[in-house]
Protein chains: 2
Amino acid sequence: MPSRGPLAASKPTTLPKPTMTLLKDFRHIILYGLILAILVFALKWLQWKFLIFDNSIDIYIGLVSVFFTVLGIWIATQIVKPKVETVIVEKEIIVTQPEKFIINETELKKLNLNSREYEILQLLTKGHSNADIAQTLFLSLSTIKTHVSNLYFKLDVKSRTQAIEKAKRLKIIE
Amino acid sequence: MPSRGPLAASKPTTLPKPTMTLLKDFRHIILYGLILAILVFALKWLQWKFLIFDNSIDIYIGLVSVFFTVLGIWIATQIVKPKVETVIVEKEIIVTQPEKFIINETELKKLNLNSREYEILQLLTKGHSNADIAQTLFLSLSTIKTHVSNLYFKLDVKSRTQAIEKAKRLKIIE
DNA sequence: ATGCGTTTGGTACTAAAGTATGAGCAAGTT
DNA sequence: AACTTGCTCATACTTTAGTACCAAACGCAT
């Protein structure tokens, strides 16, 4: 077996490809022709030699039969191209990809945060204070506090640092 | 070609597997024997028929040759298992690895945090309150506050959320 | 219209975080 | 011995965060 990757191969797929027959090229045809010609001469010689013994015609025929049978077999092995089995082996390549952050939509939906709460959560993780967020979103501090409290309830946490930790752990925030 | 993955195949490796021969079972042997017996009778008949015309011995031999050649080929196709070439095609699959965290030692040294401060920073990012940290490290709340304040000074931030954000951004904490 | 959820905002209060300052103590350095 | 540094702890204070409860305005669907 050739060298393979660190991970094992799996799911080998067999693809039978019965490509049949045909002589490879004209050189073979000429070669076969020559062989046959030589055989004709040999047979002629044998014919005359064996005809001296009239009874030996059976032996002669037998030899011819065997010879041509073997010849046929040999020709068959030459003209039949092998089946090709293609085995596809899956080779896994491990790639460390530079932070392709994917938001965990499943978790995010489970938490059922509304748009404001999620917006505030994003600012929260950036280290903004409630007052900052209020200014950014043009809302009163009270509103922010309400949203933040609801956010904590939904996230099942008790402080903004816990909220940040959980949000990042659940990958619902970058 | 069959359907393949998103990535192109590469490095096809050829493994010649010449699996040879042998009759499948005894039934075949008996079958071949019978066929040969029939052939012998046929030949005998042909022999006598053609001997009437003395000159036609060449034609007779020719027919025998052709017949047994074809027979040989046929036998070969029956008894010789096809050669099988196995082509292994490696199909590459990209696997993204979940990114190993590497602490940015350079930044960490620049900040010049002492061991306690770094320890507290770690607990901070996990969402622990000052009281929690005090309990964990068997220190008074005052001590934690002092350390945390010094930490903020060194990190140039004004709150624990900012500290967390900066620490993660600088990759000095997991 | 009525009900529901979202968003907004308020008051009052408690808890926690953060600042400022001072001080004790052990270990190592000059 | 005097000094520095890292770590500890305390007090007093301000600021921010967080909780609880309430309520108005709005959009939307039954």
Side-chain angles (χ1 to χ4, degrees), chain A residues 103 105-170 172-174, chain B residues 103 105-170 172-174:
Chain A
I103 291 173
E105 296 286 353
T106 318
E107 285 292 341
L108 194 52
K109 279 184 182 174
K110 255 195 270 183
L111 291 170
N112 195 29
L113 305 181
N114 60 47
S115 57
R116 269 308 196 201
E117 286 165 353
Y118 187 63
E119 204 175 0
I120 288 171
L121 178 60
Q122 288 178 314
L123 295 172
L124 220 70
T125 55
K126 285 181 185 171
H128 289 60
S129 67
N130 289 344
D132 283 341
I133 298 172
Q135 237 180 340
T136 306
L137 301 181
F138 302 104
L139 297 174
S140 77
L141 182 59
S142 302
T143 308
I144 304 302
K145 281 188 174 185
T146 307
H147 285 316
V148 169
S149 268
N150 295 334
L151 194 56
Y152 293 169
F153 177 74
K154 289 182 180 176
L155 281 173
D156 189 31
V157 296
K158 296 221 167 293
S159 72
R160 59 212 294 104
T161 52
Q162 285 178 19
I164 293 168
E165 194 276 332
K166 188 151 191 177
K168 295 209 175 188
R169 185 156 44 79
L170 296 181
I172 60 175
I173 214 82
E174 214 168 330
Chain B
I103 292 172
E105 296 286 354
T106 318
E107 285 293 340
L108 195 52
K109 279 185 181 172
K110 255 195 271 180
L111 291 170
N112 195 29
L113 305 181
N114 60 47
S115 58
R116 270 308 197 201
E117 285 163 352
Y118 186 64
E119 207 174 358
I120 288 170
L121 178 60
Q122 287 179 314
L123 295 172
L124 221 69
T125 55
K126 286 181 184 170
H128 289 60
S129 67
N130 288 344
D132 283 341
I133 299 171
Q135 236 179 341
T136 305
L137 301 180
F138 302 103
L139 296 175
S140 78
L141 182 59
S142 303
T143 309
I144 303 302
K145 281 188 176 184
T146 307
H147 285 314
V148 168
S149 268
N150 294 334
L151 194 56
Y152 293 169
F153 177 76
K154 289 183 181 176
L155 281 172
D156 189 30
V157 296
K158 296 221 166 293
S159 73
R160 63 211 293 106
T161 52
Q162 285 177 20
I164 293 169
E165 193 276 332
K166 188 153 191 177
K168 295 211 174 188
R169 185 156 43 81
L170 296 181
I172 61 175
I173 213 82
E174 212 168 335

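Throughout, protein chains are lettered first and strands after them, A, B, ... in sequence-line order, and every chain is numbered starting at 1.
- Within the nucleic acid shown, B/S142 comes within 4.0 Å of at least one base atom, counting heavy atoms only.
- Atoms CG (B/L121) and C1' (C/dA17) sit 16 Å apart, rounded to a whole Å.
- Judged purely by atom type and a 3.5 angstrom limit, B/Y152 has no side-chain atom pairing as donor or acceptor with the backbone of B/Q162.
- Interatomic distance, A/N150 CG to A/L155 CG, rounded to the nearest 0.5 Å: 11.0 Å.
- Here B/S149 pairs with nothing under the side-chain hydrogen bond (donor to acceptor under 3.5 Å, both in side chains) rule; sequence neighbours left out.
- Rounding to the nearest 0.5 Å gives a distance of 11.5 Å between CZ of A/R169 and NZ of B/K126.
- Residues from residues 112-120 of chain A placing a heavy atom under 4.0 Å of any atom in DNA chain D do not occur.
- B/Q122 is listed as a side-chain neighbour of B/I173, based on a closest heavy-atom distance under 4.5 Å.
- For the contact set between residues 131-141 of chain B and DNA chain D, defined by any heavy atom under 4.0 Å, the members are B/L139, B/S140.
- Put simply, CD1 on A/I144 is 12 Å from P on C/dT7, counting in whole angstrom units.
- Scanning all heavy atoms of the two residues, the minimum distance from A/D156 to A/K166 falls at CB-NZ, 4.3 Å.
- A/T146 has its side chain out of reach of A/R116: every pair of non-hydrogen atoms, C-beta onward, lies at least 4.5 Å apart.
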Return a table of donor-acceptor pairs under 3.5 angstrom between the side chains of residues 131-138 of chain B and protein atoms on other chains or two or more places apart.
residue: B/D132; atom: OD2; partner: B/S129; partner atom: N; Å: 3.4
residue: B/D132; atom: OD2; partner: B/S129; partner atom: OG; Å: 3.3
residue: B/T136; atom: OG1; partner: B/D132; partner atom: O; Å: 2.8

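- Atom CD1 of A/I164 is separated from atom C1' of C/dA17 by 14 Å (rounded to the nearest Å).
- Counting heavy atoms from C-beta on, the side chains of B/N114 and B/K154 come closer than 4.5 Å.
- A residue-by-residue look at B/N150 and A/S129 shows that B/N150 has its nearest nucleotide of DNA chain D further toward the 5' end.
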Check nucleotides 18-20 of chain C against the protein and report each pair of N or O atoms closer than 3.5 Å, with its distance, or say if there are none.
residue: C/dG18; atom: OP1; partner: B/Y152; partner atom: OH; Å: 3.2
residue: C/dG18; atom: OP1; partner: B/R160; partner atom: N; Å: 2.5
residue: C/dG18; atom: OP2; partner: B/Y152; partner atom: OH; Å: 2.3
residue: C/dG18; atom: OP2; partner: B/R160; partner atom: NH1; Å: 2.6
residue: C/dG18; atom: N7; partner: B/K145; partner atom: NZ; Å: 3.3
residue: C/dG18; atom: O6; partner: B/K145; partner atom: NZ; Å: 2.8
residue: C/dT19; atom: OP2; partner: B/S149; partner atom: OG; Å: 3.2

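- Remark: A/K158 engages no residue in a salt bridge (charged side-chain N to carboxylate O under 4.0 Å, His left out) (not counting sequence neighbours).
- For the pair B/H147 NE2 and C/dA17 P, the computed distance is 16 Å after rounding to whole Å.
- For the pair A/T143 and C/dT8, the criterion of a side-chain N or O lying under 4.0 Å from OP1 or OP2 is not met.
- Remark: C1' of D/dC7 and NZ of B/K154 are 11 Å apart, rounded to the nearest angstrom.
- Side-chain atoms of B/R160 and B/N130, non-hydrogen and from C-beta on, do get closer than 4.5 Å to each other.
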